[in-house]
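Below you'll find the structure, written out as structure tokens, and then a few comments.
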Amino acid sequence: MTRIPAKAFEGKPQDYRNYIDGAFVENGAAMIEVLNPANGQLLGRIPETGADQVDAAVKAARRAQGDWEKLPAIERAGYLRKISAKLREHRLELADVIVKEQGKVRALAQIEADFTADYIDYMAEWARRIEGEVLTSDRPDETMLLLRKPIGVVAGVLPWNFPFFLIARKMAPALVTGNTIVIKPSEETPLNAYLFAELLAETDLPKGVFNLIGGRGATAGEALVTHPGIDLITFTGSVATGSHIMQAAGRNLTKVNLELGGKAPAIVLKDADLDLAAQAIHASRVINTGQVCNCAERVYVERPVHDALVEKLAVLFNATRYGDPSAADDLDMGPLINRAGLDKVAGAVDLACQQGATVVTGGKIADLPEGFHYEPTLLTGVNAGMDIMRRETFGPVLPIQPVDSLDEAIALANDSEYGLTSSIYTRDLNAAMKAARELKFGETYINRENFEAMQGFHAGRRKSGIGGADGKHGLYEFTVTHTVYIKG
Ligand code: NAD
């Protein structure tokens, strides 16, 4: 086994192997290099999995599923707890891997590693709470049961922005409800998943229940989501890929659960605590270098407090500390994930300026010797027609638009192809409740920004997704309902 050393990635970069049917299997010819986005350091290589190994992983998951389903849920939960205990033992090492391959600052990477273990335990707690229903029948001497059963074999396709947590968000509810899973991490950030598999392999989880395959979307990902042996595809990533996967899933009529992009609006009313609003919105915009699906991407502020809010935000944006998170622990943000991510953000700001926006802070690629760093950027003079207010930027860029009323703010917020999260800042309960009623989003934060809680339900409307994750409702996405009529 190629064990990642305690201080991750010191020494010669290693080749990692897929985990299929309880074993680390030999790689094919093609490998993908994984680089540190802050400094270009080669961290390791993962397999570009071919269709044959994808098939082997799905078949292994299928073979394991029957016995796994028959185990009492509380025993399945016991395995999940063994995995979370392993993650806790290696929490520093895991955070180090996330820092290096994703570019997250260490404090956030540690939160991600710890939250992942907590999430697995939380889902394990559902073991004794998975419920069906008993119904009265229209016929005499008949009882109806609605049984909740596992769907079967799940494919989990992951993004790179919270790569480690997303393993748990797919794997834990799948396994506790009796499914088995094949995970494909993003080719940008796969190494944390390989470490996860190595830790999982140290437990006695039955073989085939969890399988890991590496590779690019167009190859390994495509082979996985079009495999006829998959019963549910749970995907987190971009709208474009989600839409493609949904079409590909149509071939086998495979069920999809899609967690896609966002363009979260933050509404600031004139009675709001402006310091609170500015701090929350700034923190939300720079956390993970703005690469978060549910962080404020556009602000609608009532005109009388527009200038005051911009002034407060400008102070915070100017004070944002950024750089290489492998080299310093006191940073607010690291680099963007790759060259394409940097070019996309730079292009979005340039286009906004051409369309009439004014740069208050930042506005260009950061002057650092290496890595994909962009300056924390505040834009004013924007309007609803501009791309910067409509398309997901996924970087540390915040456009602010003045509005004349709450009604106008709600209308602008809802006029978006995205519908993941939204927020409002006000001291007026009636205004907050009106926003909660009228905002058409999966989540609304009142007087705060992200993150979501594991017991909530994280789900997007419109192009932000289909279905959701977390809590009871997220858990039940991994089940099918089977109706039984009992005569007698
Ligand atoms: P992406 O769509 O580029 O890639 C996501 C995954 O899909 C990767 O593993 C990739 O290899 C795979 N993939 C690509 N093409 C595929 C194909 N044809 N078949 C199968 N798999 C394929 O997304 P990304 O850039 O990794 O992630 C960023 C996006 O994810 C943003 O839009 C962000 O908003 C979104 N996101 C959403 C949530 C949420 O909960 N709604 C959470 C995190 C990220």
Side-chain angles (χ1 to χ4, degrees), residues 32 34 37 46 48-49 51 54 101-102 104 112 155-170 182-190 192-193 212-227 230 233-251 254 256-264 287-297 336-342 344-345 391-395 416-421 441-443 450-452 454 456-470 474 477:
I32 301 173
V34 182
I46 59 142
E48 173 67 286
T49 308
V54 172
E101 69 174 330
Q102 201 257 302
K104 215 170 237 135
E112 181 174 356
V157 181
L158 314 184
W160 47 260
N161 64 338
F162 285 90
F164 196 64
F165 167 56
L166 263 296
I167 303 172
R169 198 180 236 174
K170 309 297 189 198
V182 180
I183 290 277
K184 193 204 84 63
S186 167
E187 57 275 34
E188 300 289 345
T189 54
N192 64 86
L212 175 73
I213 53 151
R216 295 197 169 82
T219 49
E222 190 80 22
L224 182 61
V225 299
T226 54
H227 196 293
I230 296 295
I233 300 162
T234 171
F235 167 78
T236 302
S238 62
V239 171
T241 309
S243 167
H244 175 85
I245 285 179
M246 192 166 169
Q247 290 175 52
R251 232 178 280 175
T254 309
V256 291
N257 166 282
L258 304 174
E259 304 281 333
L260 309 178
K263 186 76 190 170
I287 197 166
N288 211 24
T289 324
Q291 302 165 119
V292 184
C293 58
N294 59 357
C295 287
E297 276 237 353
L336 291 154
I337 187 67
N338 53 26
R339 165 64 55 188
L342 181 63
K344 182 181 166 209
V345 171
R391 294 200 195 144
E392 187 181 51
T393 311
F394 233 49
S416 170
E417 63 179 18
Y418 295 103
L420 191 57
T421 69
F441 288 80
E443 281 163 39
N450 54 291
F451 283 108
E452 68 273 22
M454 60 180 85
F457 187 54
H458 180 63
R461 295 176 65 172
R462 300 185 287 284
K463 287 189 182 168
S464 287
I466 293 180
D470 309 337
E477 300 255 324

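Both backbone and side-chain heavy atoms feed into the values below; hydrogens, waters and symmetry mates do not. Just follow the structure's listing: the first ligand is 1, and inside any ligand the first atom is 1. Index from 1, following the sequence.
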Next on the checklist: I'd like to know if Glu452 and Arg169 make a salt bridge, using a cut-off of under 4.0 Å between side-chain N and carboxylate O.
Outcome noted: yes
Checklist entry - If you count the atoms of ligand 1 from 1 in the order shown, which ones are under 4.0 Å from a heavy atom of Cys293? => result 34 (O), 36 (N), 37 (C), 38 (C), 39 (C), 40 (O), 41 (N), 42 (C), 43 (C)
Checklist entry - Heavy atom under 4.0 Å from ligand 1: found in Pro185's side chain, backbone, both, or neither? => result backbone
Item to check | Under-4.0 Å heavy-atom contact with ligand 1, by part of His458 that carries it | outcome: side chain
Next on the checklist: So which atom in Gly215 and which in Glu48 form the shortest heavy-atom distance, rounded to 0.1 Å?
Outcome noted: CA-OE1, 3.3 Å
Checklist entry - Just checking, any donor-acceptor pair under 3.5 angstrom between side chains of Asn257 and Glu477? => result yes
Checklist outcome for this item: Under 4.0 Å between heavy atoms, the region of His244 that gets near ligand 1 turns out to be side chain
Checklist entry - So, is Arg216 polar-close to ligand 1, with some N/O to N/O distance under 3.5 Å? => result no
Item to check | For ligand 1, the portion of Phe235 having any non-hydrogen atom under 4.0 Å away | outcome: side chain
Item to check | Flag for Lys344-Thr393: side-chain donor and acceptor within less than 3.5 Å | outcome: no
Item to check | Ligand-residue contact atoms, ligand 1 with Val157, heavy atoms, under 4.0 Å | outcome: 6 (C), 7 (O), 9 (O), 12 (C), 21 (N)
Item to check | Atoms of ligand 1, numbered as shown, that sit under 4.0 Å from any heavy atom of Thr236 | outcome: 5 (C), 36 (N), 37 (C), 38 (C), 39 (C), 42 (C), 43 (C), 44 (C)
Checklist entry - Does Leu260, backbone or side chain, put an N or O under 3.5 Å from an N or O of ligand 1? => result yes
Checklist entry - For Ile183, which of Val157, Leu166, Ile213, Leu158 qualifies under side-chain contact (heavy atoms from CB on, under 4.5 Å)? => result Leu158
Checklist entry - Would Arg391 count as a cation-pi partner of Tyr418, with NZ or CZ less than 6.0 Å from the six-membered ring centre and within 45° of the ring normal? => result no
Item to check | Side-chain (Glu101) to main-chain (Asn192) donor-acceptor, under 3.5 angstrom | outcome: yes
Next on the checklist: Is Trp160 close enough to touch ligand 1? Criterion: a residue heavy atom under 4.0 Å from a ligand atom.
Outcome noted: yes
Checklist outcome for this item: Between Arg462 and Gly419 the two heavy atoms that sit nearest each other are NH2-CA, 3.5 Å
Checklist entry - Is Ile337 close to Thr289 at the side-chain level, that is, under 4.5 Å between some pair of heavy atoms? => result no
Checklist entry - Could an N or O of ligand 1 be found under 3.5 Å from any N or O of Thr241, whether backbone or side chain? => result yes
Checklist entry - Under 3.5 Å, is there a donor-acceptor pair between the side chain of Gln291 and the main chain of Asn288? => result yes
Item to check | Heteroatom proximity flag, Asn161 to ligand 1, N/O under 3.5 Å | outcome: no
Next on the checklist: I want to check a possible cation-pi pair here: Lys263 against Phe394, using under 6.0 Å from ring centre and within 45° of the ring axis as the test.
Outcome noted: no
Checklist outcome for this item: Candidates Asn294, Leu258, Leu158; heavy atom nearest atom 9 (O) of ligand 1 found on Leu158
Next on the checklist: Geometry only, no angles: is Pro159 polar-contacting ligand 1 at N/O separations under 3.5 Å?
Outcome noted: no
Checklist entry - Heavy atom under 4.0 Å from ligand 1: found in Val239's side chain, backbone, both, or neither? => result neither
Item to check | Within-shell test, Ala220 vs ligand 1, heavy atom, strictly < 4.0 Å | outcome: no
Checklist entry - Does Gly217 reach ligand 1 with a nitrogen or oxygen that is under 3.5 Å from one of the ligand's nitrogen or oxygen atoms? => result yes
